[in-house]
Number of protein chains: 2
Amino acid sequence: MASVHTVTEATSAPSWDPYERGCPSRDLLDRIGDKWSILVLGELGRHGTSRFTQLRKQLAGVSEKMLTQTLRALERDGLVVRTVYPEVPVRVEYSLTPLGVTLRGPLKALTDWSLEHTTDVLAAREEYDARAVRTG
Amino acid sequence: MASVHTVTEATSAPSWDPYERGCPSRDLLDRIGDKWSILVLGELGRHGTSRFTQLRKQLAGVSEKMLTQTLRALERDGLVVRTVYPEVPVRVEYSLTPLGVTLRGPLKALTDWSLEHTTDVLAAREEYDARAVRTG
DNA sequence: CAGAATCCAATAAGATACTG
DNA sequence: CAGTATCTTATTGGATTCTG
C-alpha cells in the first residue's frame, strides 16, 4: 500500500488527473486503504470524539507512531479535525469533519460486508490452501 | 521470529479471531485495501471477464508480479475465479465469483465517494500544507 | 500468452527513549 | 497526556530474466 505520504516534499499539485478514464483516483483509495485509516475513521464514526490515548486502546495494536501518522494524514485530507485544549496536561480531541462524516456510509457498507462474509472468505482460503497442498 | 518464512509456506490457519471485540477483521480490510485489489475488483465488476494481459493494460502501471499476486490473493479469498483454457497458447480468464459480486456494491459506494470528493480532499490538503508552511 | 523466479530499492511498521 | 525522534526490521513494489 502506498504512501502515508512522507510529507516533506509538499507536492502542491498531484501529477495524476482524477478525471482521466473515470479512474477512481488511487490516491484517495490508498488513504482509506492504508493499515489504520479505516479503523480510525470507524472509531470516530461510532464514538463521535476520541482522545489520542483512548484511540490507542480502542485500536489495540497500533503504535504511537502509526496512530499519529494516520491521524495527521486524515487531518490533512480534511476528514478528521484535531482540537487542542491548552490545559495542563494538554488534552487533544479528534473527531470527524463534515466531509469525514460523508465517508461513514461507504465505510460502513464495507465493514458490514467484511463482518458478514468473514466465514465465506475463511472457508475459501482453507479450500484453496488444501487444494494447494494436494496439488503440491 | 524465525526468518524462515519465504512466503511460500501456505499459512493454513490464521492466528486471529475474527469474532473478538466485534472487530471488522483487519485481515479482510487489508486485502481490499492493498494497492491493486480494489482496482482489479472494479475492472472485473465492470468488464465481467478479463484476461491477464487485458487487465495489465486496463490497470496501467501494475507490474506482472503485482497483478499475479493480487489475482492469486483474490482467488484464494474466493472473490475471483481463474479459468484456464488449455489452448495453444494458453488462455486464462478472470472473473468475479458470486461472493466477489456481493462486494461490488460496497466497493462502488467507496469509489463513487472518492470520485465525488476528490476536489474537497485536494482543497483540504492544499490548505493544510499552506498552513504548515506558514506555521513552519 | 501467462506467468514463475530472483534480486534489489523503497517504504512501512514497530520498539524504544525522550519532551513540552 | 500527546506526542516527537531515532533506529531497526519487515514488507512492498518494480525490473529483469526465463519458461511451458
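It should be emphasised that the depicted structure is a prediction, and the values quoted were computed from it without experimental measurement. Naming convention: chains lettered A, B, ... in sequence-line order (proteins, then strands); numbering from 1 in each chain.
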(request) Check whether any side-chain heavy atom of B:E75 sits under 4.5 Å from a side-chain heavy atom of A:Y128, and report yes or no. (result) yes
(message) In whole Å, I'd like the distance from the CD atom of B:Q69 to the C1' atom of C:dA4.
(response) 11 Å
(message) Whether A:R125 and A:E127 form a salt bridge (side-chain N of Lys/Arg under 4.0 Å from carboxylate O of Asp/Glu) is what I want to check.
(response) no
(message) Counting only side-chain nitrogens and oxygens, does A:Y94 get under 4.0 Å of the OP1 or OP2 atom of D:dG3?
(response) yes
(message) Just the rounded figure in Å: distance from C1' of D:dC1 to NZ of A:K57.
(response) 11 Å
(request) Round to a whole Å and report the spacing from CZ of B:R72 to C1' of D:dT12. (result) 18 Å
(message) Tell me the interatomic distance from B:F52, atom CZ, to D:dT19, atom P, rounded to whole angstroms.
(response) 18 Å
(message) Quick check on D:dA2: is either OP1 or OP2 less than 4.0 Å from any side-chain nitrogen or oxygen of A:R91?
(response) no
(message) Just checking A:R56: does its CZ atom have more than 12 heavy atoms from other residues, nucleotides or ligands closer to it than 6.0 angstrom?
(response) yes
(request) For A:E43, enumerate each residue passing the salt bridge (Lys or Arg N to Asp or Glu O under 4.0 Å) test, keeping only those at least two apart in sequence or located in another chain. (result) A:R46
(message) Under 4.0 Å from OP1 or OP2 of C:dC1: is there any side-chain N or O of B:R56 that close?
(response) no
(request) Go along nucleotides 14-20 of chain C 5' to 3' and tag each nucleotide: B for a protein heavy atom under 4.0 Å from its base, S when only backbone or sugar atoms are that close, - otherwise. (result) BB-B---
(request) With sequence neighbours excluded, tell me which residues meet side-chain hydrogen bond (donor to acceptor under 3.5 Å, both in side chains) with A:K108. (result) A:D112
(message) Quick check: is A:V81 connected to A:L39 through a chain of hydrophobic side chains (ILVMFWY, heavy atoms under 4.5 Å apart)?
(response) no
(request) Whole angstrom is fine here: how far is it from CG in B:L71 over to C1' in C:dC1? (result) 14 Å
(request) Would you indicate, yes or no, if C:dA2 has its OP1 or OP2 atom less than 4.0 angstrom from a side-chain nitrogen or oxygen of B:T53? (result) yes
(message) Nearest whole Å is fine: how far is C:dC1 P from B:R82 CZ?
(response) 16 Å
